There are 2 protein chains.
Amino acid sequence: MATQSTEEYLEAIYKLGGEREPLAISVLAERLSVSSPSVSEMARKLAEQGLASYEPYKGVTLTAEGQARALAVIRRHRLWERFLTDTLGFSWDQVHDEACRLEHVTSPLVEERLAEFLETPQTCPHGHPMPTAQGKVTVEAARPLSALEPGQRGVVLWVPEEKVEMLQYLTALGLKPQATVQVEAVAPFQGPLTVRIGEAWHPLGWEVASQIMVRLL
Amino acid sequence: MATQSTEEYLEAIYKLGGEREPLAISVLAERLSVSSPSVSEMARKLAEQGLASYEPYKGVTLTAEGQARALAVIRRHRLWERFLTDTLGFSWDQVHDEACRLEHVTSPLVEERLAEFLETPQTCPHGHPMPTAQGKVTVEAARPLSALEPGQRGVVLWVPEEKVEMLQYLTALGLKPQATVQVEAVAPFQGPLTVRIGEAWHPLGWEVASQIMVRLL
DNA sequence: TTTTTATATTAGGCATACCTATTTTAACGA
DNA sequence: TCGTTAAAATAGGTATGCCTAATATAAAAA
């Protein structure tokens, strides 16, 4: 049985792209707020358990089994987020931390019943796609809002889920999944964008815009 | 912050009566399925943290703070049990183990919203009373079904929550909270009872009957 | 090619929460 | 009162998952 800590590593590796290509130890350490030696050690253990492949100095990559485990955890996380917002009435900036704990104590049976109760949601409240119970996930082709040219419009697909202050800011702007946003202007040198959401125009820092993923209209 | 393990000890001590009088180390060890030395050690730590008073060879008792913590955990446990049965449709024999894990990862905010969503339930599915958010609990005066004389009737108040097979057996008998049961006969020497539930008569082992708590009618 | 620098690993420790084996305590019966 | 016994304490050890400090590696710059 995978420990809570193991699940957190698998989830982080997956989200940082380690299901595709070797992920640097330092990147993982940064994300999990632990030291590099701790990550090295865990990488070795994940490899021992067949959940990751790991070559010293080369980084860590999930095996098929590791990916499946990671997606199961991510599915539980996103189901709980939906429950917390849709059923208990939490705002989308409150639910990530709660779900981070609930995801590790959820049996497959509770996962299944929860999904039924929520009527099989297709995304989390931040727009990220829901992996299926079979461990598949379909990620829609997306580009950052910052990549749009002036005059182009996009539909928001997803936003970062773990940044509380940014989520509160995006709430104020109305920048949530399904919202339509038009880029009116882009300042050079990765400068701020001017975007229109509904009838309102807003300046938007490039750094923020680069984290809002959209589908081009 | 109390660890998960700490919470489990507090909960077990409370349920075994250690909120009233010193509880023997061996009783706690048996309940938690750990060795006596492990319990001794944790008893000392609980005392250090001000959650229990502990005198070697005398047993362990919860302090006011320890009781409050224990009741908070028990409240979360019972709220999750209600959620799992009432909202997700689990049977009452499936929910204890799930709730045992969920109870340790539930913030006060989730606890509060969950209670609201469930419309402030007064008991768990097994009939045990719900502690309030303020850490108070009212336990109705009860006696075991085995203490009734032939001819006496009682209303089931609560049954053991953690014994899966017994709960399945009680389901078949219809012996659930609020059910009325009449004792028709009691065999001597702690022998089986004959009880009537609705129109049906059933033999009932004394050991089982002693764990069904009722209010005399 | 050699040196520098960033990154990662190894070495050695710590806290938690368990364990078994051994010793101590307390209570009870002879 | 003394010896026996059951319960609980201490002693010493393990695995997990962290840490810091020191060392090794690999990649980039000189």
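A, B, ... follow the sequence lines: proteins, then strands. Residue 1 opens every chain. Quick caveat: nothing in here was measured; it's all calculated off a predicted structure.
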Legend entry - Span of DNA chain D in contact with chain B (heavy atoms, under 4.0 Å): dA8(D) to dT10(D)
Legend entry - Glu162(A)/Lys15(A) ion pair, N-O < 4.0 Å: no
Legend entry - Length of the CZ-P vector between Arg44(B) and dT16(C), whole Å: 10 Å
Can you give the donor-acceptor pairs under 3.5 Å from side chains of residues 29-36 of chain B to other protein atoms, not counting sequence neighbours?
{"residue": "Ser35(B)", "atom": "OG", "partner": "Ser38(B)", "partner atom": "N", "Å": "3.4"}
{"residue": "Ser35(B)", "atom": "OG", "partner": "Ser38(B)", "partner atom": "OG", "Å": "3.0"}

Inset, instruction - Any chance you could list the contact pattern along nucleotides 18-24 of chain C? Use B for base contacts, S for sugar-phosphate-only contacts and - for none, protein heavy atoms under 4.0 Å, 5' to 3'. - result: BBBB--B
Inset, instruction - With sequence neighbours excluded, give me every side-chain hydrogen bond (donor to acceptor under 3.5 Å, both in side chains) pair touching residues 164-173 of chain A. - result: Trp92(A)-Thr171(A), Asp93(A)-Gln168(A)
Legend entry - Within residues 31-83 of chain A or reaching into it, pairs that qualify as ring-ring contact (aromatic ring centres under 6.0 Å, His included) - sequence neighbours excluded: His77(A)-His96(A), Trp80(A)-Phe83(A), Trp80(A)-Trp80(B), Phe83(A)-Phe83(B)
Legend entry - For Glu119(B), salt bridge (Lys or Arg N to Asp or Glu O under 4.0 Å) partners two or more places apart: none
Legend entry - Length of the CG-P vector between Leu32(B) and dT16(C), whole Å: 18 Å
Inset, instruction - May I ask you to list the residues of residues 21-28 of chain B, by number, that have any heavy atom positioned under 4.0 Å from an atom of DNA chain C? - result: none
Inset, instruction - Not counting sequence neighbours, which residues clear ring-ring contact (aromatic ring centres under 6.0 Å, His included) with Tyr9(A)? List them please. - result: none
Legend entry - For Glu207(A), salt bridge (Lys or Arg N to Asp or Glu O under 4.0 Å) partners two or more places apart: none
Inset, instruction - Please list, chain by chain and in numerical order, all residues satisfying salt bridge (Lys or Arg N to Asp or Glu O under 4.0 Å) with Glu81(B), sequence neighbours excluded. - result: none
Legend entry - Sequence neighbours excluded - salt bridge (charged side-chain N to carboxylate O under 4.0 Å, His left out) pairs with any residue from residues 127-148 of chain A: Glu140(A)-Arg215(A)
Inset, instruction - Quick one: list whatever passes salt bridge (Lys or Arg N to Asp or Glu O under 4.0 Å) with Arg82(A), sequence neighbours left out. - result: Asp86(A)
